[in-house]
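Each remark here refers to the structure printed beneath this line.
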Amino acid sequence: MASGGAAPRLAVPARAAGEPRPWPGPAWRLPPEGQAPAAYPSQSVVRSRGLQDLSGDGGVRKQELRPGTGPAMPPDASVAVKFSGYLEHQDKPFCTNCYRKSPGLMKLGKDITLLGLEVGLLTMKKGELSRFVFTPDYAYGQQGCPPLIPPSATVVFEVEVLDFLDTAESDAFFELTAEQQAAFPLQKVLRVADTERQFGNYLYRKRHLDDAKDRYKKALSILGLSPSSEAEQRQINASKLLLLLNLSLTYLKLKRPTQALVYGEKALEIDQRNAKALFRCGQACLCMTEYKKARDFLARAQRIQPFNHDINSELKKLASCYRDYLNKEKEMCCRMFASLNTST
């Protein structure tokens with residue numbers, strides 16, 4: 001990975017004129033080389049405020065502003081972050097993505113080309129907010145990146161980790177040939193499918209429904225395995241069932257009820273008493289105005305979960321839609337007979 005020259009791929013378009021900064025600028029600024037003016041704390045003061053030397057040579061230093069939870073980020077993770085990058089002594093960020101509603105997932109080692117940022121991210125946890133100082137060798141090098149980044153610039157980045165997924169095993173699996181994939185142990189294939197499902201879930205939560213659908217289908221595509229025992233078949237079915245239910249729901253959100261019904265019925269082939277699958281099929285049929293089929297699916301779901309609020313609400317919605325349908329049919333018949341009587 002190059003340490004300088006090119007701007008990181010995570011840079012976003014500049015802010016509109018007058019648009020406020022997403023976060024306050026760094027609470028301190030590094031002093032000019034060989035100086036320590038009163039406006040800026042000395043290097044010893046900076047160190048005393050909790051900067052940790054991550055690189056061993058002072059090239060990447062970190063100040064934790066808010067702790068995260070869980071394990072540190074693994075190598076090759078796919079990560080969603082908010083960030084703002086600042087030059088020394090400046091409050092206006094030269095790059096930021098903090099105005100995006102939902103930053104996309106970026107792959108470490110691929111989508112993040114700023115060496116210092118990658119070093120820093122590997123020390124962070126989910127929910128953590130930290131400030132980093134990168135010297136030129138870990139940022140934009142001796143040439144900088146004109147016109148935004150001058151030569152030999154030290155930069156400050158404020159970074160918040162929103163989420164990350166450990167996708168290393170999954171990424172490696174999909175780079176294999178079909179024959180190599182077929183030789184993978186079942187448990188590893190199930191882990192890959194689960195990672196893809198989690199990736200899809202993340203995209204679904206961020207309302208990237210088409211991308212979520214594709215991830216679920218990708219996971220489903222590797223589960224056509226030949227089990228060696230009933231226990232293995234149950235594991236495969238359990239993994240498939242989650243994906244089929246997610247696909248059915250996602251297609252409903254995409255307003256494609258025909259596909260939602262297809263995946264809901266496939267889920268019922270695995271578990272005919274699955275209340276979620278029956279509910280999804282009922283919703284799909286209601287969207288297609290197939291009221292009798294919708295009633296059948298929802299009534300079956302209600303028998304399994306009689307106190308489920310969503311199922312009962314959908315049955316009420318179905319009854320209301322069916323009444324409106326009958327009333328419209330009645331009105332249409334009345335108009336038809338009225339026109340016949342007039343013509344005679």
Side-chain angles (χ1 to χ4, degrees), residues 189-225 227 229-330:
V189 175
L190 292 175
R191 281 203 303 272
V192 169
D194 188 61
T195 298
E196 289 300 307
R197 183 179 63 83
Q198 290 181 46
F199 212 141
N201 290 348
Y202 172 85
L203 293 167
Y204 178 89
R205 290 193 297 271
K206 300 300 180 182
R207 312 305 296 168
H208 303 309
L209 299 179
D210 278 309
D211 292 333
K213 163 183 64 68
D214 292 341
R215 284 286 174 173
Y216 295 143
K217 285 187 173 182
K218 189 177 179 182
L220 196 60
S221 71
I222 66 173
L223 293 177
L225 307 169
S229 66
E230 288 187 10
E232 285 192 354
Q233 185 63 68
R234 285 194 295 270
Q235 288 181 296
I236 295 168
N237 284 346
S239 185
K240 280 184 175 179
L241 184 60
L242 292 174
L243 290 164
L244 292 168
L245 290 171
N246 286 359
L247 277 165
S248 184
L249 176 60
T250 304
Y251 273 117
L252 282 171
K253 295 295 184 182
L254 287 167
K255 301 188 186 305
R256 296 166 66 182
T258 303
Q259 290 88 343
L261 179 59
V262 167
Y263 284 104
E265 290 181 327
K266 286 183 178 181
L268 289 174
E269 290 174 9
I270 295 174
D271 180 6
Q272 62 181 351
R273 287 182 53 80
N274 187 283
K276 279 188 178 180
L278 291 165
F279 179 57
R280 302 276 183 262
C281 290
Q283 286 180 299
C285 289
L286 178 54
C287 289
M288 294 186 288
T289 67
E290 295 186 13
Y291 298 122
K292 290 183 179 180
K293 286 183 68 175
R295 171 71 186 178
D296 177 61
F297 282 121
L298 293 171
R300 287 165 61 190
Q302 188 186 50
R303 285 195 291 271
I304 296 166
Q305 293 186 4
F307 303 109
N308 185 295
H309 174 75
D310 292 334
I311 295 172
N312 292 330
S313 294
E314 199 72 9
L315 279 165
K316 290 178 182 177
K317 179 180 175 182
L318 170 62
S320 176
C321 290
Y322 191 57
R323 280 195 303 270
D324 290 344
Y325 166 76
L326 291 178
N327 289 335
K328 287 178 182 177
E329 288 285 299
K330 184 178 178 180

Check your understanding: How far does CG of Asn237 sit from CG of Leu242, to the nearest 0.5 angstrom?
Key -> 11.0 Å

Practice item. Answer yes when Asp211 and Arg215 have at least one side-chain N-carboxylate O distance shorter than 4.0 Å, and no when they do not. Key: no

Study note, to complete from the structure: Sequence neighbours excluded, the answer for side-chain hydrogen bond (donor to acceptor under 3.5 Å, both in side chains) partners of Gln283 is none

All N/O donor-acceptor pairs, side-chain side in residues 273-282, below 3.5 Å, sequence neighbours left out:
| from | atom 1 | to | atom 2 | distance (Å) |
| --- | --- | --- | --- | --- |
| Asn274 | OD1 | Lys276 | N | 3.1 |
| Asn274 | OD1 | Ala277 | N | 2.9 |

**Study point:** Contacts of Glu269 that satisfy side-chain hydrogen bond (donor to acceptor under 3.5 Å, both in side chains) - sequence neighbours left out
**Key:** none

Check your understanding: Mind checking what makes ring-ring contact (aromatic ring centres under 6.0 Å, His included) contact with Tyr251, not counting sequence neighbours?
Key -> Tyr263

**Study point:** Exercise: identify the closest heavy-atom pair between Ala212 and Gly200
**Key:** CB-O, 3.3 Å

Practice item. Return the set of residues passing side-chain hydrogen bond (donor to acceptor under 3.5 Å, both in side chains) with Asp271 (not counting sequence neighbours), or none when no residue passes. Key: none

When the side chains of residues 305-317 are checked against the rest of the protein, which donor-acceptor pairs come out under 3.5 Å, sequence neighbours left out?
| from | atom 1 | to | atom 2 | distance (Å) |
| --- | --- | --- | --- | --- |
| Gln305 | OE1 | Asn308 | ND2 | 2.8 |
| Asn308 | OD1 | Asp310 | N | 2.9 |
| Asn308 | OD1 | Ile311 | N | 3.0 |
| His309 | NE2 | Ser313 | OG | 3.4 |
| Asn312 | OD1 | Gln302 | NE2 | 2.7 |
| Asn312 | ND2 | Pro306 | O | 3.2 |
| Asn312 | ND2 | Asn308 | O | 3.2 |
| Ser313 | OG | His309 | O | 2.9 |

Point to revise | Arg295 to Phe297, cation-pi by 6.0 Å centre distance and 45° axis angle | key: no

Practice item. Find the distance between OH (Tyr216) and CG (Leu245) and round it off to the nearest 0.5 Å. Key: 10.5 Å

Point to revise | Atom of Leu190, atom of Ile236 and distance for their closest heavy-atom approach | key: CD2-CA, 4.3 Å

Practice item. Hey, could you give me the NZ/SG distance between Lys292 and Cys285, rounded to the nearest 0.5 Å? Key: 13.5 Å

Point to revise | Closest approach of Arg300 to Gln272 (non-hydrogen atoms, all atoms of both residues) | key: NH2-O, 3.7 Å

Review point. Roughly how far apart are Thr289 OG1 and Leu318 CG, rounded to 0.5 Å?
Key: 11.0 Å

Point to revise | Distance (rounded to the nearest 0.5 Å) between Leu203 CG and Lys213 NZ | key: 11.5 Å

Exercise for review: Locate the shortest heavy-atom distance separating Leu241 from Ile270; write the atom from each residue and the value.
Suggested key: N-CD1, 4.1 Å

**Study point:** Option passing side chain to side chain donor-acceptor pair (under 3.5 Å) with Gln198 (candidates Asn201, Thr195, Asp194)
**Key:** Asp194

Review point. From His208 NE2 over to Thr250 OG1, what is the distance, rounded to the nearest 0.5 angstrom?
Key: 13.5 Å

Point to revise | Distance-minimising heavy-atom pair for Lys293 and Leu261 | key: NZ-CD2, 4.0 Å

Review point. Ala193 and Ala219: which non-hydrogen atoms are nearest, and at how many Å?
Key: O-CB, 3.6 Å

